[in-house]
Number of protein chains: 2
Amino acid sequence: MKRHVTVKTLAEQLNISIATVSKALSDSHEISAETKQRVNDLARMLNYERNPAASNLRSHRTRTIAVIIPEVANNFFSLAIKGIEEIARQHNFHVLIYQTHENSEAEIAFTNSLVSGRVDGILISVTRSTGNLAHFQSLIRQIPVVFFDRSIEIPDAFSITTDDYESAFEATRHLAENGCSRIAFLQGLDQLATGQRRLKGYRDALDQANLVQPQPLVLSGTDDPRQLLQAVAGFIKDKQPDGILSSIEEFVVPCYYACRELNIDMPGQLKLVSFSNLQTAALLKPALSTITQPAFEMGRLAAACLFRILNNKEVDPCELPLLRSELIERESSGISGI
Amino acid sequence: MKRHVTVKTLAEQLNISIATVSKALSDSHEISAETKQRVNDLARMLNYERNPAASNLRSHRTRTIAVIIPEVANNFFSLAIKGIEEIARQHNFHVLIYQTHENSEAEIAFTNSLVSGRVDGILISVTRSTGNLAHFQSLIRQIPVVFFDRSIEIPDAFSITTDDYESAFEATRHLAENGCSRIAFLQGLDQLATGQRRLKGYRDALDQANLVQPQPLVLSGTDDPRQLLQAVAGFIKDKQPDGILSSIEEFVVPCYYACRELNIDMPGQLKLVSFSNLQTAALLKPALSTITQPAFEMGRLAAACLFRILNNKEVDPCELPLLRSELIERESSGISGI
DNA sequence: TTTATTTACGAAAACGTTTAAGTACGAAAC
DNA sequence: GTTTCGTACTTAAACGTTTTCGTAAATAAA
C-alpha cells in the first residue's frame with residue numbers, strides 16, 4: 001500500500017509550498033501560469049485527487065446536493081432524478097439520494113442530518129403526510145432548499161410545480177365531454193398543496209359541467225400499497241363512477257385490475273385518466289389517457305434553480321416558471337372499442 | 001446567524017474536555033454512563049449534529065457508499081436502488097448516485113473521483129460498453145466494490161448476478177415449445193458477461209431444439225435510444241422471426257410499435273419474451289411475457305454484501321448466491337387471441 | 001530617487017473531529 | 001504496604017485542505 005498523494009507530496013516534489021499547490025489547483029489568479037502548469041502536470045502524473053473531507057471542512061463547501069423523495073422506484077421521480085443528476089453533473093456536483101417512503105418522520109430525520117454541512121443544498125418532494133410546516137420554515141433558513149412537484153405552502157420557499165389545477169380541470173372536463181356524469185377523483189396527496197390544487201381543478205370542472213354529486217366521489221389514498229387494489233375495487237363497486245381522474249400513477253394498475261375483477265368495461269362503462277409517466281401508457285389495454293408531467297424537465301429546472309441560489313444569483317420565488325403538463329387522450333377515456 | 005454548535009460548545013458547557021464529548025457521543029466504553037447521559041442530553045437540547053467533513057477527515061470513514069448505474073429512469077435499476085437504499089438506511093449510511101448513461105468514460109471518471117476517500121465502498125452495474133478491465137482491476141484493490149447484474153469478469157471481484165443463462169435458455173425453449181421456429185435474440189449487452197450468458201442460453205436452447213438458423217438472428221443494441229424503433233422494425237422486417245427473446249427491457253416498446261407498424265399480429269405471427277421489470281406487463285396488449293429479475297432483492301443483496309466487506313466479515317467471491325429470475329408466461333408468447 | 005502598486009509566492013492558522021498516549025485515583029492483588 | 005490494574009478522564013497531535021496575512025521582488029508612478 002503506497003502512500004496517498006496529497007498536496008504535501010506535490011509541494012515537496014516541486015519544491016514549493018502547499019499553499020501554492022492548493023492555489024494552483026484551484027486556478028487562483030495569484031499563481032503564475034508556469035507554476036500552475038507544473039502543478040497540474042505533476043498532479044495528473046501522480047493521479048492526485050483532492051481529499052473531499054479536508055476540502056469540505058476547510059472551505060465549508062461540499063459540492064454535493066441531496067435529493068429527498070418518496071420513492072425512487074416511480075416513473076415520475078426516477079425521471080426527475082435523471083434531470084437533477086444531469087444538471088448536477090454539469091456543475092460537477094455529487095448527488096445524495098434519500099427515500100422517505102412517505103414517512104414524514106424519516107423526512108425530518110434526513111433533513112436534520114443534512115444541515116450540519118453534509119450538503120450545499122437540498123431538492124425535495126415531500127411526503128404526502130408532511131404537515132410540519134415549522135420544521136421546513138426553519139430548514140429553509142439554514143440551507144438552500146428547492147421543492148419540486150410536491151411542495152408545501154411556505155412564503156419565500158422556492159418550488160417548481162406543474163399546472164396541477166389546470167390539468168385536473170381539463171382532464172375532468174374531457175371526461176365530462178366524453179359522456180361521464182359520475183366522475184370520481186382518486187386522491188393520493190390529500191394533505192399537500194399539490195393534491196389540493198388537483199382536487200380543486202376537478203371540483204371546479206364538475207361545477208362548471210353541472211355534475212356535482214350530492215355525495216362527493218373522492219377516494220383518499222391509503223398508506224399500504226397492498227391494500228390499494230381492495231380500496232379501489234371497493235370504491236368503484238360502492239360509488240359506481242363512470243369516470244375516474246386519478247391524481248397519482250399508483251392508482252392505475254389497481255384500476256385496471258379492479259375493472260377486470262368487477263367485469264367493468266373500460267372505457268365503455270368506466271373511463272379513466274391518470275396523472276402518469278408510464279412509458280407503456282399507449283400500449284395498455286385499453287391505452288391509458290394520461291396527464292403527463294414533464295418530470296425530467298422538472299428535475300432539471302429544480303436543480304438549475306438550486307444552483308442559481310448556490311451561486312448567489314437573484315432568484316425570486318414568485319417568478320419561478322409553472323411547468324405545463326400534457327393531457328394525452330387515449331382509449332381509456334375515449335369511445336368504447338378500438 | 002448564531003454560532004454553530006460543535007463538540008467544543010458541548011465541552012465548555014459541561015466543563016469537560018472535547019475528547020470526552022467525542023467519546024461519549026460515539027458511546028465509547030471509556031466514558032461513564034453518567035457523563036454519556038449528560039453529553040447526549042445537551043447534544044439533543046442544542047441540536048448538535050456532528051460535522052461529517054471533520055469526522056471523515058480524521059477517521060477515514062465516510063458512512064457513504066456510491067451507486068454507479070447506467071440509468072436511474074429504468075425499472076430494474078430504480079428498484080435496485082430502492083433495495084440498496086433500504087440496506088444503507090439500516091446501517092445509517094448515505095447513498096451517492098451516479099449515472100453513466102452507458103458511457104464508459106464517465107464511469108472511469110466517477111470511480112476515479114471516488115477513490116480519494118469520498119465513499120467507503122462502491123456498488124456498480126457497468127456500462128454496456130465497459131471494456132477496460134485493467135481500470136477495474138486497480139479499482140477493486142483501492143476500495144471495496146460490489147458489482148451487480150452487469151458485472152465484469154475479474155477474478156476475486158464480488159458480484160451479484162442472476163441466472164442469466166438458465167432464464168434465457170428457458171425462455172427460448174418456451175418460445176420453441178409454443179411453435180416458434182425462427183427465434184431471434186435482441187442483444188443489448190453485447191460486450192458484457194451478463195449479455196454473453198444470456199446469448200449462450202439462447203443459443204444452447206436453439207441448438208437443443210434443432211432450430212439453429214444458417215444466419216444468426218441476433219440484433220445488437222444501438223447507442224441511440226431514438227434509433228431503437230427503426231432498428232427493431234428493420235430487423236423484424238428483414239429477418240422475419242416468429243419469436244423474439246429480448247435481453248433488455250428497452251426493446252419492449254419498440255417491439256410493440258414495430259408490430260403495429262408492420263401489421264404483425266402478436267402473438268399470432270410473432271411471439272415475444274423480454275427481460276423486464278415493467279409493472280404493467282400484465283396490462284399490455286397483448287400482456288407481455290417476461291423474465292422478471294428480482295431487482296429489489298438484488299439491490300439489497302449487493303448492498304448487504306458490501307456492508308459485510310466493510311465490516312471485515314469474511315466474504316468469498318465464489319460463494320455469493322446466484323439469484324433466480326422468474327419466467328412469467330403471458331399472452332405475448334402464448335397462443336393467439338385472448 | 002522615493003514611493004506606491006502589482007505579482008508571485010510562503011508561513012501559519014484555521015476547519016471540527018478522532019485517537020494515541022498520558023494521568024490521577026481508587027480498588028484489588030500480593 | 002507496595003504493586004498492579006481498571007476506570008474515567010485530559011492533553012495534544014493529527015487528518016489534508018483552504019485562506020488570511022505577510023513579504024520580497026519587480027514594476028509603475030511620483
Side-chain angles (χ1 to χ4, degrees), chain A residues 1-40 42-43 46-64 94 113-120, chain B residues 1-40 42-43 46-64 94 113-120:
Chain A
M1 207 94 174
K2 71 174 171 227
R3 195 84 187 73
H4 214 233
V5 32
T6 72
V7 278
K8 202 173 163 192
T9 324
L10 301 181
E12 279 166 3
Q13 299 224 5
L14 294 172
N15 253 316
I16 55 180
S17 76
I18 61 165
T20 306
V21 173
S22 173
K23 288 174 188 169
L25 288 171
S26 44
D27 201 27
S28 159
H29 63 91
E30 289 182 31
I31 304 299
S32 72
E34 195 209 324
T35 307
K36 282 180 189 172
Q37 186 67 253
R38 296 207 307 143
V39 171
N40 284 313
L42 185 63
L46 299 185
N47 270 321
Y48 168 78
E49 290 279 342
R50 71 151 57 78
N51 180 306
S55 180
N56 299 348
L57 176 59
R58 183 57 235 244
S59 68
H60 299 290
R61 272 176 264 113
T62 63
R63 302 197 76 77
T64 305
H94 301 258
S113 83
L114 291 173
V115 289
S116 57
R118 186 176 295 276
V119 297
D120 294 344
Chain B
M1 208 92 175
K2 71 175 171 227
R3 195 83 187 71
H4 213 236
V5 31
T6 73
V7 279
K8 201 173 163 191
T9 322
L10 301 182
E12 279 166 3
Q13 300 224 7
L14 295 172
N15 254 316
I16 54 180
S17 76
I18 61 166
T20 307
V21 173
S22 172
K23 286 176 186 167
L25 288 171
S26 44
D27 201 25
S28 160
H29 64 92
E30 288 181 35
I31 304 299
S32 72
E34 194 210 325
T35 306
K36 282 181 189 172
Q37 185 66 255
R38 296 206 307 141
V39 171
N40 283 314
L42 185 64
L46 299 185
N47 270 321
Y48 169 78
E49 289 280 342
R50 72 151 55 76
N51 180 307
S55 179
N56 299 348
L57 176 58
R58 182 57 233 245
S59 68
H60 298 291
R61 273 175 263 115
T62 63
R63 302 197 75 76
T64 305
H94 301 258
S113 83
L114 291 174
V115 289
S116 57
R118 186 175 295 275
V119 296
D120 295 344

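Every chain is numbered from 1, with letters handed out A, B, ... down the list of sequences. Please read these numbers as outputs of a predicted model, since none were measured by experiment.
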Do the side chains of [Y] and [X] get nearer than 4.5 Å, heavy atoms only?
X: H94(A); Y: S113(B); answer: yes
X: S26(A); Y: R50(A); answer: yes
X: L25(A); Y: V7(A); answer: yes

Residues of residues 46-64 of chain B with a heavy atom under 4.0 Å from any atom of DNA chain D, listed by number, are L57(B), R58(B), H60(B)
Does T6(B) put a side-chain nitrogen or oxygen below 4.0 Å from OP1 or OP2 of dG16(C)? no
Is any side-chain nitrogen or oxygen of T35(A) closer than 4.0 Å to OP1 or OP2 of dC9(C)? yes
For D120(B), check side-chain hydrogen bond (donor to acceptor under 3.5 Å, both in side chains) against everything at least two apart and list the hits. T62(B)
Using side-chain contact (heavy atoms from CB on, under 4.5 Å) as the criterion, list what pairs up with Q13(B), not counting sequence neighbours. T9(B), L42(B), L46(B)
When the distance from [atom1] of [X] to [atom2] of [N] is rounded to whole Å, what number comes out?
X: I16(A); N: dA12(C); atom1: CD1; atom2: P; value: 17 Å
X: R118(A); N: dT17(C); atom1: CZ; atom2: P; value: 12 Å
X: K23(B); N: dT18(C); atom1: NZ; atom2: C1'; value: 9 Å
X: E12(A); N: dT17(D); atom1: CD; atom2: C1'; value: 15 Å
X: L14(A); N: dA8(C); atom1: CG; atom2: P; value: 17 Å
X: H4(A); N: dG16(D); atom1: NE2; atom2: P; value: 9 Å

Report all side-chain donor-acceptor pairs from residues 14-24 of chain A shorter than 3.5 Å, counting only partners two or more places apart or in another chain.
| unit_1 | atom_1 | unit_2 | atom_2 | d |
| --- | --- | --- | --- | --- |
| S17(A) | OG | A19(A) | N | 3.4 |
| S17(A) | OG | T20(A) | N | 3.2 |
| S17(A) | OG | T20(A) | OG1 | 3.0 |
| K23(A) | NZ | E30(A) | OE1 | 3.0 |

5' priority, DNA chain D, between I18(B) and I31(B) [closest heavy atom]: I31(B)
Identify whether any heavy atom of S22(A) sits under 4.0 Å from a base atom; if not, whether one sits that close to sugar-phosphate; answer base, sugar-phosphate or nothing. base
Reckon T20(B) touches a base, only the sugar-phosphate, or nothing at all at heavy-atom distances under 4.0 Å? base
Could you measure the distance from the [atom1] atom of [X] to the [atom2] atom of [Y]? Nearest 0.5 Å is fine.
X: S55(A); Y: H60(A); atom1: OG; atom2: NE2; value: 11.0 Å
X: L10(B); Y: T6(B); atom1: CG; atom2: OG1; value: 7.0 Å
X: S59(B); Y: R61(B); atom1: OG; atom2: CZ; value: 4.5 Å

Do you know the tightest heavy-atom contact between P52(A) and S116(B)? CD-O, 3.4 Å
For dT17(D), does the base pair up with any side-chain atom of K8(A) as donor and acceptor (N or O, under 3.5 Å, distance only)? no
Can you name the atoms? Protein N/O to nucleotides 5-7 of chain C N/O, anything below 3.5 Å, with the distance.
none

When the C1' atoms of the five terminal pairs at each end define the local axes, what inter-axis angle does the helix from dT1(C)-dA30(D) to dC30(C)-dG1(D) show, to 10 degrees? 40°
More 5' along DNA chain C: A33(A) or A19(A), using each one's nearest nucleotide? A33(A)
Under the criterion side chain to side chain contact (heavy atoms under 4.5 Å, CB included), I'd like the reasoning laid out for S28(B) against K36(B): C-alpha separation, chi angles, the key distance, then a yes or no. CA-CA 9 Å; S28(B) 160; K36(B) 282 181 189 172; 5.6 Å; no
